[in-house]
Amino acid sequence: MGKNKIHKLIVRVFWISLIFCIGFSWFYMKRVIPDKLNIVAEEEEQFHFSMPFDVTLHSDSEEVVLNNGSNIPSDQIHLQLNQPFSVYSKNQGSYKLGLKLFGFIQLKDIQVNVVDTKYAVPCGSPIGIYLKSDGVMVIGTGDVTKKDGMTAEPAFGILQSGDYIEAINGTPLKDKETLMDELNKIGGSEAVLKVRRNGETIDVKMNPIETEDGTYKLGVWVRDDTQGIGTMTYVDMNGQFGALGHGISDSDTGNVVQITEGALYETAIMGIEKGTFGKPGVMSGIIYYGPGSTLGTITANTEEGIFGTVNDRFKQGVKQDAIPIGYRQDVKKGVAYIRSDVSGKIRDYEIEIQRVDYSTTHKSKGMVIKVTDPDLLALTGGIVQGMSGSPIIQDGKLIGAVTHVFIQDSTRGYGIFIENMLNH
């Protein structure tokens with residue numbers, strides 16, 4: 001091989017290596033460095049990003065002061081490998097930091113939210129949940145048997161799984177019973193359905209079909225409510241609560257249920273089925289419905305959990321103290337605790353935080369946790385369904401909540417940062 005060819009090969013390898021390094025750095029930084037930081041006003045917060053290359057951090061606002069090993073506050077600092085830095089702001093508000101690789105390649109912007117000190121009570125108590133959907137949810141379409149004995153699927157290709165029927169011929173639908181009543185009033189005449197699909201409202205026209213028993217149907221499976229058991233994560237000083245750490249999805253469509261209202265009820269855990277390989281465990285219990293058993297109202301069902309306000313009945317049963325909120329920069333690998341009532345008594349169980357993902361790519365999967373407490377392992381085998389929302393506490397701060405269990409290993413699962421729940 002001639003010298004010229006060797007030279008070209010070396011140059012090519014160099015450029016390929018450089019492009020790979022830049023691409024890897026960009027991907028790594030996007031994953032490891034969060035898009036958003038929360039700090040408390042008038043308190044210097046320290047951060048530590050594990051970075052493979054030198055980067056430059058600069059503040060776009062004079063309200064945010066940066067500092068590193070030089071101890072010289074400024075609006076721009078150079079971060080060396082594994083070097084901590086601090087951020088300070090006197091005034092509450094939302095500001096922006098810019099991050100550049102090698103000082104000139106723009107990697108990302110980091111939003112800095114400067115907030116007042118927040119406290120909340122980590123609960124860990126089981127709750128019964130009832131949600132009323134916003135409209136009548138379409139689960140799917142199916143065949144109906146007509147009066148002449150023939151079958152048809154009138155809604156096929158017209159209505160879709162996940163649609164919400166809000167009204168029929170101008171009459172608002174509160175529940176599926178109202179839908180059936182209106183269909184029988186219309187008979188075989190044309191029905192105009194007001195349907196919400198993927199956030200947009202459209203009008204759909206159909207003709208109900210008379211069935212063998214003389215009633216009229218559209219050939220759709222529908223649902224108007226959802227219920228289940230979960231765990232209360234926190235209650236703040238104003239009685240606002242967050243629970244579950246993930247949204248309540250319809251079991252058939254997999255979509256987060258859009259609601260108009262909901263309620264919390266007292267519940268009693270009757271038994272626990274331990275998780276096994278390939279099959280998560282589950283808590284079974286009884287929900288006590290009724291006006292005397294309500295614990296609060298649910299106003300939102302989101303990807304980060306359910307939220308609303310607890311009543312005095314729930315507040316009177318809370319015996320735990322409020323503790324500070326820990327933001328994602330406070331979370332680190334190592335020992336932590338989850339609070340749960342799975343034994344019939346609220347107590348803290350030791351866990352290990354094995355991995356922390358500071359990015360916001362997966363809001364409900366910010367950390368990987370492993371149950372290490374022998375008492376909890378003996379009782380449940382690890383994380384079981386119904387424990388979603390169990391608060392995670394580390395260094396005296398509420399930092400997150402349990403969200404998912406690993407199917408192949410019930411001792412391990414995911415947790416959500418508490419700030420994601422607070423910012424839902």
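The figures that follow rest on heavy atoms only: side chains count, while hydrogens, waters and symmetry mates do not.
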State, yes or no, whether a side-chain contact exists between L97 and L57 at a heavy-atom distance under 4.5 Å. yes
Between Q111 and N113, does any side-chain donor sit less than 3.5 Å from a side-chain acceptor? yes
Would you compute the distance between atom OG of S388 and atom CD1 of I306 and round it to the nearest 0.5 angstrom? 11.0 Å
Taking the side chain from R328 and the backbone from D357, do they hold a donor-acceptor pair closer than 3.5 Å? no
Kindly indicate whether the side chain of E350, heavy atoms from C-beta on, has any atom under 4.5 Å from the side chain of V335. yes
Does some side-chain heavy atom of Y349 sit less than 4.5 Å from a side-chain heavy atom of S390? no
On a heavy-atom basis, which atom in I399 and which in M367 lie closest, and how many Å separate them? O-CE, 4.0 Å
How close do V331 and Y358 get, counting heavy atoms only, and between which atoms? O-OH, 2.8 Å
Check: N184 main-chain N/O paired with D181 side-chain donor or acceptor under 3.5 Å: no
For the CD atom on E190, are there more than 12 heavy atoms of other groups (residues, nucleotides or ligands in this structure) within a distance under 6.0 Å? yes
Does the S410 side chain pair with the main chain of G381, one donor and one acceptor, at a distance under 3.5 Å? yes
Using the benzene-type ring in the case of Trp, are the ring centres of Y265 and Y289 under 6.0 Å apart? yes
Could you list the residues that satisfy side-chain contact (heavy atoms from CB on, under 4.5 Å) with E210, not counting sequence neighbours? K147, Y216
Would you say T411 and I383 make side-chain contact, with heavy atoms under 4.5 Å? no
Whether K274 side chain and A378 backbone form a donor-acceptor pair below 3.5 Å: yes
Does a side-chain heavy-atom distance below 4.5 Å link L376 with I338? yes
With sequence neighbours left out, the residues meeting side-chain contact (heavy atoms from CB on, under 4.5 Å) with V257 are S133, M137, Y164, T226, D250, I259, N301
Can you list everything that forms a side chain to side chain donor-acceptor pair (under 3.5 Å) with T302? Sequence neighbours excluded, please. E304
Given side chains that start at C-beta, do those of T233 and L244 come closer than 4.5 Å, heavy atoms only? no
Do any N or O atoms from the side chain of T380 and from the backbone of L377 form a donor-acceptor pair under 3.5 angstrom? no
For D330, check side chain to side chain donor-acceptor pair (under 3.5 Å) against everything at least two apart and list the hits. none
State the OG-NZ distance between S125 and K345, to the nearest 0.5 angstrom. 15.5 Å
Test your reading of the model: is there a side-chain donor-acceptor pair from D395 to the backbone of K397, 3.5 Å cut-off? no
Minimum heavy-atom separation for G242 and M232, please, with both atom names. O-SD, 3.7 Å
Taken to the nearest 0.5 Å, the spacing of R339 CZ from I346 CD1 works out to 7.5 Å
List the residues meeting side chain to side chain donor-acceptor pair (under 3.5 Å) with T151, not counting sequence neighbours, and say none if there are none. none
Taking all atoms of both residues into account, what is the closest heavy-atom pair of A243 and I127, and its distance? CB-CD1, 3.8 Å
E153 side chain to T141 side chain, donor-acceptor N/O pair below 3.5 angstrom: yes
D224 to K176 - nearest heavy-atom pair and separation: OD2-N, 2.9 Å
Report yes if some heavy atom in the side chain of V402 is under 4.5 Å from a heavy atom in the side chain of I369; otherwise report no. yes
Partners of D225 by side chain to side chain donor-acceptor pair (under 3.5 Å), sequence neighbours excluded? Y130
Please enumerate all residues that pass side-chain contact (heavy atoms from CB on, under 4.5 Å) together with D203, with sequence neighbours excluded. V192, K194
Within the 4.5 Å heavy-atom criterion, are Y95 and V114 side-chain neighbours or not? yes
Quick one: does any side-chain atom of D163 pair with a main-chain N or O of Q160 as donor and acceptor, under 3.5 Å? yes
Given the rule in the side-chain hydrogen bond (donor to acceptor under 3.5 Å, both in side chains) test, do T178 and D175 qualify, once you have shown the distances and angles that lead to the verdict? CA-CA 6 Å; T178 306; D175 48 42; 2.8 Å; yes
Can you list the residues that meet the salt bridge (charged side-chain N to carboxylate O under 4.0 Å, His left out) rule with K185, with sequence neighbours excluded? E182
Atom CD1 in I139, atom CH2 in W221: separation rounded to 0.5 Å? 11.0 Å
Should the heavy atoms of other residues, nucleotides or ligands under 6.0 Å from CD of E303 be counted, would the total exceed 12? no
Answer with yes or no whether the side chains of T372 and E352 bring together a donor and an acceptor at under 3.5 Å. no
Passes side-chain hydrogen bond (donor to acceptor under 3.5 Å, both in side chains), T171 versus N169? Steps please. CA-CA 6 Å; T171 301; N169 285 4; over 6 Å; no
May I ask you to decide whether E266 forms a salt bridge with R313, counting only side-chain N to carboxylate O separations under 4.0 Å? yes
More than 12 foreign heavy atoms under 6.0 Å from NZ of K315: is that the case here? yes
From CA spacing to verdict: side-chain hydrogen bond (donor to acceptor under 3.5 Å, both in side chains), N91, E63: CA-CA 7 Å; N91 300 316; E63 296 288 346; 2.8 Å; yes
Is the backbone N or O of K333 less than 3.5 Å from a side-chain atom of Q354, with the two atoms forming a donor-acceptor pair by type? no
With salt bridge (Lys or Arg N to Asp or Glu O under 4.0 Å) as the rule and sequence neighbours excluded, what pairs involving residues 226-241 come up? none
All salt bridge (charged side-chain N to carboxylate O under 4.0 Å, His left out) counterparts of R196, not counting sequence neighbours: D134, E166
Is it true that, when you exclude N198 itself, more than 12 heavy atoms of the residues, nucleotides or ligands shown sit nearer than 6.0 Å to its CG? no
For V235 versus C123, what's the shortest heavy-atom pair and its separation? CG2-SG, 3.8 Å
Set of residues satisfying side-chain contact (heavy atoms from CB on, under 4.5 Å) with respect to P126, sequence neighbours excluded: T267, I269, D341
So, does S343 use its side chain to make a donor-acceptor pair with the main chain of L379 at under 3.5 Å? no
Quick one: sort the Y414 and H404 rings into parallel, tilted or perpendicular, breaks at 30° and 60°. perpendicular
Once rounded to the nearest 0.5 Å, what's the spacing between atom NZ of K96 and atom CG of D109? 4.5 Å
Residue pairs fulfilling salt bridge (Lys or Arg N to Asp or Glu O under 4.0 Å) with at least one residue in residues 136-145, sequence neighbours excluded: none
When rounded to the nearest 0.5 Å, the distance separating CG of L398 from CD1 of I392 is 9.0 Å
Using a strict 4.0 Å threshold on nitrogen-to-oxygen distance, state whether D375 and R347 make a salt bridge. yes
